[in-house]
Amino acid sequence: MKVDWNKLGFDYVKTNVNIRYEYKGGEWSEMQVTEDEYIPMHISTTCLHYGLECFEGLKAFKGADGKVRIFRMDENAKRMQSSARKLCLPIPTQSMFEKACYECVQRNIDFVPPYGSGASLYLRPLLIGTKVGLGVKSSPEAMFIVFCSPVGAYFKDGMKPIKVIIDRMQDRAAPRGTGDIKAGGNYASSILSGEKAHVMGYSNVMYLDAVEHKYIEECGAANFFGIKDNTYVTPKSPSILPSITNKSLRQLAQHLGMKVEERPISVEELGEFSEAGACGTAAVISPIESVYDIDTEKIVRYGEEVGPVSLKLYNMLQDIQYGRAEDLFGWTKVVERA
C-alpha cells in the first residue's frame with residue numbers, strides 16, 4: 001500500500017475491505033466483511049428508481065499520541081436511524097452501526113493518514129432499499145454498508161474564508177420534506193445552483209427557506225452559524241439537516257461561556273454578525289469572507305481573515321479529534337489495532 005498523504009483530495013481511494021449487512025425476512029444478517037467494491041443489483045431495485053437511500057459521513061483521526069479515534073459515531077448512528085425511519089427503510093441498530101464503523105476502521109487502519117498531514121480517514125455508511133419491483137412503495141429489504149477512504153486536508157494552504165452567494169433560483173428542501181435527513185435527493189437538488197455559483201466564482205450557495213425566501217437554511221452542504229455579541233447563532237428550521245459538527249460547536253461555545261441561539265435568521269440579519277461560517281464534517285468550519293445576494297445585489301463582508309471565535313472553536317474541536325486535548329465530552333472512540 002502506497003498513498004501520498006500530501007496529495008489526497010476528497011475522493012475515493014481503495015482500501016482493504018468494506019462492511020455489509022443485509023435485511024431480509026424481517027431481520028438483519030450477520031456482519032459481512034468483503035473486499036468487493038461493487039454491489040450486484042437488479043435493474044428494478046427500488047433505490048435506483050425512487051430514491052430510497054440515505055447515508056452518513058464521519059471521520060477517524062490519527063492522534064498526536066499515535067492513537068486512532070473515531071469522532072461521534074453514536075450521533076451518526078442516531079441520525080441514520082432518523083433518516084431510515086422517514087424513508088420507511090429497515091433501521092440499523094445503534095450497536096450494528098457502531099460495530100460496522102469500528103470494524104471498518106480497524107481492518108483499514110493502515111489507511112488512516114499520519115498525524116500532522118492534516119488528512120483523515122473518511123467513513124461513508126450507506127443504507128439502500130434493495131427490494132426488486134416497480135411500484136412506488138416502501139422497501140422491506142435493504143443493505144447497510146460502511147466503506148472508507150483516506151481524504152486530504154480541506155484547507156491545504158491554511159484556513160481561508162470563502163465567498164458565498166444567495167441565489168433564490170433553486171430551493172434545497174421544503175418544510176415537512178426530507179431536508180432534515182441525510183437523503184441523496186437533498187444533494188441532487190443543490191447541484192444546479194452549486195454549479196452556477198462556481199461558474200460565477202463563489203464557493204457555496206446560501207439556501208433560504210422555500211416558503212418566504214427570507215430565512216437562512218443551509219450553506220452549500222453545511223449548516224450556517226454567525227457570531228454576534230458573544231453569542232453563537234445558528235438557524236432553526238424543520239428542513240435543515242441537524243449537523244453533528246454544528247452540535248459539537250454549540251457545546252464548545254457554551255463551554256467557553258458563550259450564549260447559544262437556535263432560531264430563524266433572516267437575510268437582513270447577516271450584516272449584524274461579526275463572523276459567519278459554514279460547518280460540517282469535511283472542513284469543520286469554513287469561515288465566510290462575504291455573502292452576495294444576487295437578487296438585491298447587496299453584499300455583506302466579514303473580512304479576509306478568519307475570525308477569532310471561529311478559529312478558537314475550530315482549534316478546540318480539532319484538538320479533541322486529534323487527541324491534543326482531553327475529550328471532556330466523550331466524543332471519541334479509540335480503535336485498537338487488530
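Owing to the predicted nature of the structure, the values given are computational and were not obtained by experimental measurement.
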Requested in this report: Indicate whether the side chain of S189 and that of Q170 have a donor and an acceptor atom separated by less than 3.5 Å.
Outcome: no
Backbone N/O of I166 and side chain of Y202: donor-acceptor pair under 3.5 Å: no
Rounding to 0.5 Å, atoms CD1 (I91) and CD (Q81) come to a distance of 6.5 Å
- Is the side chain of Y154 donor-acceptor paired with the backbone N or O of F10 at a distance under 3.5 Å, no angle test? no
Exactly one of N315, L317, V260 clears side chain to side chain contact (heavy atoms under 4.5 Å, CB included) with L252, and that residue is L317
With a 3.5 Å distance limit and no angle check, can you tell me whether D36 reaches the backbone of Y38 through a side-chain donor-acceptor pair?
yes
| said: Run the side-chain hydrogen bond (donor to acceptor under 3.5 Å, both in side chains) test on D327 and T332 for me, step by step, so that the C-alpha distance in whole Å, both residues' side-chain angles and the decisive distance to 0.1 Å come before the verdict. | reply: CA-CA 7 Å; D327 181 6; T332 60; 2.8 Å; yes
For A183, the side chain to side chain contact (heavy atoms under 4.5 Å, CB included) test, sequence neighbours excluded, returns L87, I181, N186
Exercise. Determine, stepwise, if the pair T231 / E261 fulfils side-chain hydrogen bond (donor to acceptor under 3.5 Å, both in side chains).
Key: CA-CA 7 Å; T231 303; E261 294 179 359; 4.8 Å; no
Item to complete: State, without any angle test, whether Y122 and T281 hold a side-chain donor-acceptor pair at a distance under 3.5 Å.
Response: no
| request: Would you please test K182 and Y187 for side-chain hydrogen bond (donor to acceptor under 3.5 Å, both in side chains) and show each step? | output: CA-CA 9 Å; K182 205 167 176 66; Y187 297 84; 2.7 Å; yes
Donor-acceptor list for residues 135-145 side chains, cut-off 3.5 Å, not counting sequence neighbours:
residue : atom : partner : partner atom : Å
S139    : OG   : T130    : N            : 3.4
S139    : OG   : K131    : N            : 3.2
S139    : OG   : E141    : N            : 3.4
S139    : OG   : E141    : O            : 2.5

d(S248 OG, F329 CZ) to nearest 0.5 Å is 9.0 Å
task: Kindly determine whether R324 and Y115 satisfy side-chain hydrogen bond (donor to acceptor under 3.5 Å, both in side chains), including the steps that lead there.
output: CA-CA 11 Å; R324 295 189 295 254; Y115 175 73; 3.3 Å; yes
Side chain to side chain contact (heavy atoms under 4.5 Å, CB included) test vs L249 passes for just one of I285, N223, T234, namely I285
Under a 3.5 Å distance rule, please check whether E37 uses its side chain to pair with a backbone N or O of K14 as donor and acceptor. no
Given the options K99, M96, R20, M31 meets side chain to side chain contact (heavy atoms under 4.5 Å, CB included) only with K99
Scanning both residues in full, the closest heavy-atom pair of N246 with C279 reads CB-SG, 3.6 Å
(request) Evaluate the criterion salt bridge (Lys or Arg N to Asp or Glu O under 4.0 Å) for residue pair R263 and E269; output intermediate values, then yes/no. (result) CA-CA 12 Å; R263 58 172 174 76; E269 192 178 352; 2.6 Å; yes
Donor-acceptor side-chain pairing of Q321 and Q318 below 3.5 angstrom = yes
Please determine whether ring-ring contact (aromatic ring centres under 6.0 Å, His included) holds for the pair Y232 and F225, giving the CA-CA distance in whole Å, both sets of side-chain angles, and the decisive distance to 0.1 Å.
CA-CA 7 Å; Y232 181 103; F225 72 89; 5.0 Å; yes
R301 meets the side-chain hydrogen bond (donor to acceptor under 3.5 Å, both in side chains) criterion, sequence neighbours left out, with none
Any side-chain donor-acceptor pair under 3.5 Å between D171 and H213? yes
